[in-house]
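Below is one structure; the comments refer to it alone.
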2 protein chains.
Amino acid sequence: MRAREAWSLVLELLLAERRRVPAIAGALRLSAAQCHVLRHLEPGKPVPMRRVAEALACDASNVTGIVDRLEARGLLERRAAAHDRRVRVVVITRRGAAVRARLVARLAAPPPAIARLSPAEQRTLCAILRRALPPSRSG
Amino acid sequence: MRAREAWSLVLELLLAERRRVPAIAGALRLSAAQCHVLRHLEPGKPVPMRRVAEALACDASNVTGIVDRLEARGLLERRAAAHDRRVRVVVITRRGAAVRARLVARLAAPPPAIARLSPAEQRTLCAILRRALPPSRSG
DNA sequence: TATTGTTATACTCTATAACTATA
DNA sequence: TATAGTTATAGAGTATAACAATA
């Protein structure tokens with residue numbers, strides 16, 4: 001059973017890259033949670049607050065403050081939902097989309113650990129990870 | 001170049017397992033940062049505060065509070081270092097070591113994504129990740 | 001009655017700056 | 001002068017509980 005060893009190696013990689021998100025976030029004057037929200041908001045696709053809370057995997061009460069701060073910077077907007085007046089949806093603004101694009105680009109840059117692998121190893125890694133991850137997944 | 005794709009898949013796995021550490025921490029009534037500290041402290045091996053800060057990759061001023069709370073629960077102790085009276089070292093207690101053992105065991109349990117891979121895939125994954133990770137690494 | 005979003009509250013992590021005691 | 005640890009401070013994330021508006 002190599003599952004434990006494989007997992008411990010993944011954890012190690014995870015630990016090695018632990019500062020990556022905070023560092024990229026900081027360079028864009030964002031927090032990690034704010035990055036998650038921006039990343040989750042595709043331009044032109046409104047998302048209810050409740051869905052944002054699920055994406056962040058945190059209590060809904062926290063989303064109020066996180067969205068407040070993003071809205072104050074003009075990176076997203078709150079709107080009323082037509083079908084249910086209890087619901088408020090969040091939409092990324094043009095300015096927010098520009099920040100999001102930079103964010104996504106920086107996150108996508110592979111770290112040294114991945115870059116140092118040979119093309120063949122990278123292909124194999126892709127194949128295995130595609131098998132490992134559940135089929136239904138959202139960025 | 002599959003590096004970007006491989007990295008995006010690793011990020012996805014990372015995202016999928018994002019709640020793992022907080023969840024395990026919470027079950028042991030610890031924060032994520034406190035878990036990192038306990039994990040870093042091998043029984044019988046004192047570590048200077050400064051090294052703890054490096055392990056957490058945060059400013060040294062934060063370590064004071066984190067260690068304070070662990071010390072208040074009797075999970076570790078502060079001691080004076082013999083060679084340099086400015087330095088204080090941290091040592092895990094017997095009680096702390098017991099909590100640490102449970103913590104490490106739970107962290108080590110492979111998640112579904114890894115467990116669903118075949119033994120051959122797991123072996124290959126191990127081999128690739130060992131190549132990816134720098135040789136000098138500490139848990 | 002149940003759900004959505006908010007507010008109030010309390011705790012922890014985080015960085016920066018200033019301080020002390022050593023070196 | 002420089003370093004190790006602390007304190008003070010401010011800002012952000014987190015959970016729980018209570019609340020108003022709506023379903």
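These values consider heavy atoms only, across backbone and side chains, with no hydrogens, waters or symmetry-generated copies. Lettering of chains follows the sequences in order, A, B, ..., and the numbering in each one begins at 1.
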Q: Tell me which of A:Arg19 and A:Arg51 sits closer to the 5' end of DNA chain C, going by the nucleotide each one is nearest to.
A: A:Arg51
Q: In whole angstrom, give the distance that lies between atom CG of A:Asp59 and atom P of C:dC11.
A: 18 Å
I want to check something: taking the side chain as every heavy atom from C-beta on, are [X] and [Y] in contact at a cut-off of under 4.5 Å?
X        : Y        : value
B:Arg100 : B:Glu42  : yes
B:His36  : A:Leu15  : yes
B:Leu103 : B:Arg106 : no
A:Leu70  : A:Leu30  : yes

Q. Within the side chain of B:Arg95, is there an N or O that forms a donor-acceptor pair under 3.5 Å with the backbone of B:Arg73?
A. yes
Q.
Looking at B:Arg78, is its backbone amide N or carbonyl O close enough to the side chain of B:Glu71 to form a donor-acceptor pair, meaning the two atoms are under 3.5 Å apart?
A. yes
**Q.** Those residues of residues 23-36 of chain A lying under 4.0 Å from DNA chain C by at least one heavy atom
**A.** none
Side-chain polar contacts of residues 107-120 of chain B - donor-acceptor pairs under 3.5 angstrom, sequence neighbours left out - could you list them?
unit_1   : atom_1 : unit_2   : atom_2 : d
B:Arg116 : NH1    : A:Ala132 : O      : 2.1
B:Ser118 : OG     : B:Glu121 : N      : 3.1
B:Ser118 : OG     : B:Glu121 : OE1    : 3.3

Would you mind writing out the side-chain donor-acceptor pairs for residues 54-62 of chain A within the sub-3.5 Å range, not counting sequence neighbours?
unit_1  : atom_1 : unit_2  : atom_2 : d
A:Glu54 : OE2    : A:Arg51 : NH1    : 3.2
A:Asp59 : OD2    : A:Ser61 : N      : 2.9
A:Asp59 : OD2    : A:Ser61 : OG     : 2.7
A:Asn62 : ND2    : A:Asp59 : O      : 3.2

Q) Does C:dT6 have OP1 or OP2 sitting under 4.0 Å from an N or O in the side chain of A:Arg88? A) yes
Q. So, is B:Arg50 near the phosphate of D:dT3, with a side-chain N or O under 4.0 Å from OP1 or OP2?
A. no
Q: Give the B/S/- string for nucleotides 18-23 of chain D, one per nucleotide from 5' to 3', where a protein heavy atom under 4.0 Å of the base yields B, of only the sugar-phosphate yields S, and otherwise -.
A: ---BBS
Between side-chain atoms of residues 85-93 of chain A and protein atoms elsewhere (two or more places apart, or another chain), which donor-acceptor pairs fall under 3.5 Å?
unit_1  : atom_1 : unit_2  : atom_2 : d
A:Arg86 : NE     : A:Asp84 : OD1    : 3.2
A:Arg86 : NE     : A:Asp84 : OD2    : 3.4
A:Arg86 : NH2    : A:Asp84 : OD2    : 2.9
A:Thr93 : OG1    : A:Gly74 : O      : 2.6
A:Thr93 : OG1    : A:Leu75 : O      : 3.1
A:Thr93 : OG1    : A:Gly96 : N      : 3.0

Q.
For a quick test of reading the model, state the closest non-hydrogen atom pair linking B:Ala25 to B:Ala32 and the distance between them.
A. CB-N, 4.1 Å
Q: With a 4.0 Å heavy-atom cut-off, tell me which residues in residues 61-75 of chain A come close to DNA chain D, sorted by residue number.
A: A:Ser61, A:Asn62, A:Ile66, A:Arg69
